[in-house]
Amino acid sequence: MSGGPTPPDRWTLVGEIFLEASELSGEDRARLLDERCGDDADLRRDLGEACYEAEDFDSALEHLKKSDLLAPQDERTIFLLGLTYEKMG
């Protein structure tokens with residue numbers, strides 16, 4: 001985990017996955033995300049951030065928790081998890 005800015009091509013990938021996943025639900029969505037993200041904690045975190053920005057807090061929480069399991073010391077993920085829990089009340 002670099003902690004630096006996300007390159008533009010990475011955000012393109014995040015956007016593509018976000019749009020694909022938004023058209024699916026349940027197991028199909030989970031399968032797509034597992035296939036596209038694998039063990040990439042940064043990608044999961046970036047998807048969580050995209051969901052947070054779209055105010056889809058349930059999905060944000062799902063991605064951020066997965067990211068935290070893959071990379072538990074990532075400060076950005078912990079920060080976003082806190083914001084998401086706060087928004088969910």
Q. Among all residues two or more places apart in sequence or in another chain, which pass the ring-ring contact (aromatic ring centres under 6.0 Å, His included) test with Phe18?
A. none

Q: Over all heavy atoms of both residues, which pair between Leu47 and Cys37 is shortest? Give the atoms and the distance, please.
A: CD1-SG, 3.4 Å

Q: Over all heavy atoms of both residues, which pair between Leu81 and Leu61 is shortest? Give the atoms and the distance, please.
A: CD2-CD1, 3.7 Å

Q) Salt bridge or not for Arg76 and Glu49, using N-O below 4.0 Å? A) yes

Q: Please name the pair of heavy atoms, one in Ile78 and one in Pro72, separated by the smallest distance, quoted to 0.1 Å.
A: CD1-O, 3.8 Å

Q: Under the side-chain contact (heavy atoms from CB on, under 4.5 Å) rule, collect the residues that match up with Asp56, sequence neighbours excluded.
A: Arg29, Cys51, Asp58, Ser59

Q | Leu24 with Ile17, same ILVMFWY side-chain cluster at under 4.5 Å | A | no

Q. When you look at Arg31 and Asp34, which way does the salt bridge (Lys or Arg N to Asp or Glu O under 4.0 Å) test go after all the steps?
A. CA-CA 5 Å; Arg31 189 179 313 98; Asp34 286 341; over 6 Å; no

**Q.** Between CZ on residue Phe57 and NZ on residue Lys87, distance to nearest 0.5 Å
**A.** 5.5 Å

Q: Can you see which heavy atom on Tyr52 is nearest to which on Thr84, and at what distance?
A: CD1-OG1, 3.4 Å

Q. How about Leu80 and Arg45: do any of their side-chain heavy atoms sit closer than 4.5 Å?
A. yes

**Q.** Lys66 with Asp40: basic N within carboxylate O range, under 4.0 Å
**A.** no

Q. How many angstroms lie between atom CG of Leu69 and atom CG of Asp39, to the nearest 0.5 angstrom?
A. 11.0 Å

Q) Who pairs with Arg36 by salt bridge (charged side-chain N to carboxylate O under 4.0 Å, His left out), at least two apart in sequence or on another chain? A) Glu16, Glu20

Q: Please report the closest heavy-atom contact between Leu33 and Ala21, naming both atoms and the distance.
A: CD2-CB, 4.0 Å

(Q) Do Asp42 and Arg10 have side chains that approach each other closer than 4.5 Å (heavy atoms only, starting at C-beta)? (A) yes

Q) Does a side-chain heavy-atom distance below 4.5 Å link Val14 with Leu43? A) yes

Q. Does one hydrophobic cluster hold both Leu19 and Leu13, with members joined at side-chain heavy-atom distances below 4.5 Å?
A. yes

